[in-house]
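Please read these numbers as outputs of a predicted model, since none were measured by experiment. In what follows, every heavy atom counts, from backbone to side chain, and hydrogens, waters and symmetry copies are set aside. Both counts, for ligands and for their atoms, begin at 1 and track the order of listing.
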Amino acid sequence: MPAVPVENPLTTALSELRKAVEHLGLPEDEWTTLSTPRRILEVAVPLRRDNESVEMFKGYRVQYSTTRGPSKGGVRFHPDVDLDETIALAMLMTWKCALTNLPFGGAKGAVAVDSKKLSLRENERLTRRYTSEILPIIGPERDIPAPDVGTDDRNMAWMMDTYSVNAGYSVPGVVTGKPLVLGGSLGRNSATGDGVAIAAREALLAKGIPVEGATVAIQGFGKVGYWAAIAVEKMGMKVIAVSDVEGGVTGFNSLDDVFSHLQSTGSVVNTPGVDRITQTELLHLDVDVLIPAALSDSLTAATAPGVKARVVVEGANAPTTPEGDAALADNGVLVVPDILANSGGVVVSYFEWVQDNQVYFWTEAEIAERLNTLMLKAIFEVREYSAKHGITWREAANAIGVGRVAEAHRLRGLYP
Ligand code: NAD
């Protein structure tokens, strides 16, 4: 099975930052500040396996920026994570929070483990030990983790509990993406996918393509891909292909069939009555919208030139390399960049944090309405900026996000 090709996401993120700094005409000192993560913690996470053996895993928490508020970002459990990738993802969170005007800096956490190979109890022990190792630097006013690849609301419940037991009282605001009964927010599970769908709709409209009946292919059918599929279909689009780590499928009658097969077998492949396709075949389908919603570096110099979609909406973080991006631009593909397209997750995480801190909870309709308002504002700002300066949506989104962080640096000054 061809995996998503791996390049270095930190190199990609730094080259995007460099472009933004040059576009904004920022001084070299500011480049140095913006390209340096504020705090990096590397931890050893020992795990007692169910068979009583002890295994050691590497964990990280990177607080890339705290200039505009507490740092915020997900925790990834994946065997291939490393420090460079965690720094890159924390950097992206920084520009994303600034772009959507949330009062947060950016962070990311990770443990280099295959969560699928952990029993439930092992997963709990690993999550609690990791939380306890990073405990001195997290907190509702310092740094607020959330779920990412390989973690979910159950991990957030254990993180919240571990932090609270140490504090001596319940601190729901220490993480977002929690179960509802622990102070989670309505609409958080679907938020990233809902935001991806809003971005897809606006990108189609910007290209003059009708939303009703627009065809969609989605790489990655996890928390982002699944909810994006549901949301785009509610808007009248039609999902014609999806994939997960095992491969892709097309030719299904309804998404429900694929989802129930995923639930019963752990993968979408081999759903009865569908055609199997490879990841690359999925990326090259003749669709209106392509949503990469798996891992980094999926659209590269090798894969991007064959993309036939009119619009690419980046559900995943850093799914496109600079070479891939150039190939898409050459072919006139409109790319809605990750920091805009998948910002719905952190927007509703922000709502969750606000609700936890004020101990007053909003209705699902209020959350959907506020998510739509914030996303539309960011999308229109990016669209206008890109038109005004004759640059891509990615360059515009980076310029706005990076520009806001640079402005915050200037106003705060340098201590001492
Ligand atoms: P997830 O673990 O729920 O799902 C990941 C999906 O990608 C799964 O279907 C998995 O099988 C598939 N996948 C993994 N490796 C693959 C490979 N090599 N080729 C093809 N498919 C592969 O993760 P998620 O939360 O849906 O996150 C997906 C992406 O979206 C990540 O880049 C993440 O950083 C980003 N993101 C997530 C959120 C969120 O709220 N969960 C928010 C913003 C961005």
* Return yes if some donor-acceptor pair links the side-chain N/O of S296 with the main-chain N/O of P9 below 3.5 Å, else return no. => no

* ligand 1-proximal atoms of A146, by part, heavy-atom distance under 4.0 Å -> neither

Quick one: does [X] get an N or O within less than 3.5 Å of an N or O on ligand 1?
X: L295; answer: no
X: V245; answer: yes
X: K223; answer: yes
X: G220; answer: no
X: K96; answer: no
X: T192; answer: yes
X: G225; answer: no
X: N342; answer: no
X: G222; answer: yes
X: S243; answer: no

Between [Y] and [X], is there a side-chain donor-acceptor contact under 3.5 Å, judged purely by atom types and distance?
X: T192; Y: N342; answer: no
X: S386; Y: E395; answer: no
X: T131; Y: T162; answer: no

Which option out of [options] puts a heavy atom nearest to [atom]?
atom: atom 24 (P) of ligand 1; options: V348, D152, V224, L92; value: V224
atom: atom 20 (C) of ligand 1; options: E314, E246, Q279, K116; value: Q279
atom: atom 35 (C) of ligand 1; options: N317, T176, D338; value: N317
atom: atom 23 (O) of ligand 1; options: D297, L283, T151, V149; value: V149

Tabulate below the donor-acceptor pairs under 3.5 Å that side-chain atoms of residues 283-295 make, not counting sequence neighbours, or state none.
from: H284; atom 1: NE2; to: T303; atom 2: O; distance (Å): 2.7
from: D286; atom 1: OD1; to: R310; atom 2: NH1; distance (Å): 3.1
from: D288; atom 1: OD1; to: R310; atom 2: NH2; distance (Å): 3.1
from: D288; atom 1: OD2; to: T215; atom 2: N; distance (Å): 2.9
from: D288; atom 1: OD2; to: T215; atom 2: OG1; distance (Å): 3.3

* Asked: How long is the span from the CD1 atom in I87 to the CG atom in L10, to the nearest 0.5 Å?
  ->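 CG of L10 is found 5.5 Å from CD1 of I87.
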
* To do: Write out all pairs satisfying side chain to side chain donor-acceptor pair (under 3.5 Å) with one or both partners inside residues 135-148, taking only residues at least two apart or from two chains.
  => R61-D143, Q63-D143, S71-D143, R76-D148, K108-D148

* Considering the heavy atoms of A316, write down every atom of ligand 1 situated less than 4.0 Å from one of them. =>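 Those atoms are 29 (C), 30 (O), 32 (O), 35 (C).
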
* With atoms numbered from 1 as shown, which atoms in ligand 1 lie under 4.0 angstrom from a non-hydrogen atom of G150? -> 2 (O)

* To do: Take every heavy atom of R76, measure it against each atom of ligand 1, and state whether any distance is under 4.0 Å.
  => yes

* To do: Mark the output for R188 as yes if a heavy-atom distance to ligand 1 is under 4.0 Å, and as no if none is.
  =>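 R188: in contact with ligand 1 (<4.0 Å).
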
* Asked: Looking at D356, D161, D152, which hits salt bridge (charged side-chain N to carboxylate O under 4.0 Å, His left out) with K178?
  ->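 Going through D356, D161, D152 one by one, the salt bridge (charged side-chain N to carboxylate O under 4.0 Å, His left out) with K178 is satisfied by D356 alone.
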
* Evaluate the side-chain hydrogen bond (donor to acceptor under 3.5 Å, both in side chains) criterion for residues Q219 and S243: first the C-alpha distance (whole Å), next the side-chain angles of each, then the deciding distance (0.1 Å), finally the verdict. => CA-CA 5 Å; Q219 181 192 42; S243 73; 5.0 Å; no

* Less than 4.0 Å between a side-chain N and a carboxylate O, is that true for K19 and E16? ->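 Looking at E16 and K19, the cut-off is met.
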
* Any salt bridge between R121 and E124, counting N to O under 4.0 Å? -> yes

* Asked: Any chance the rings of W393 and Y385 have centres within less than 6.0 Å?
  ->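 Not close enough - the centres of the two rings lie 6.0 Å or further apart.
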
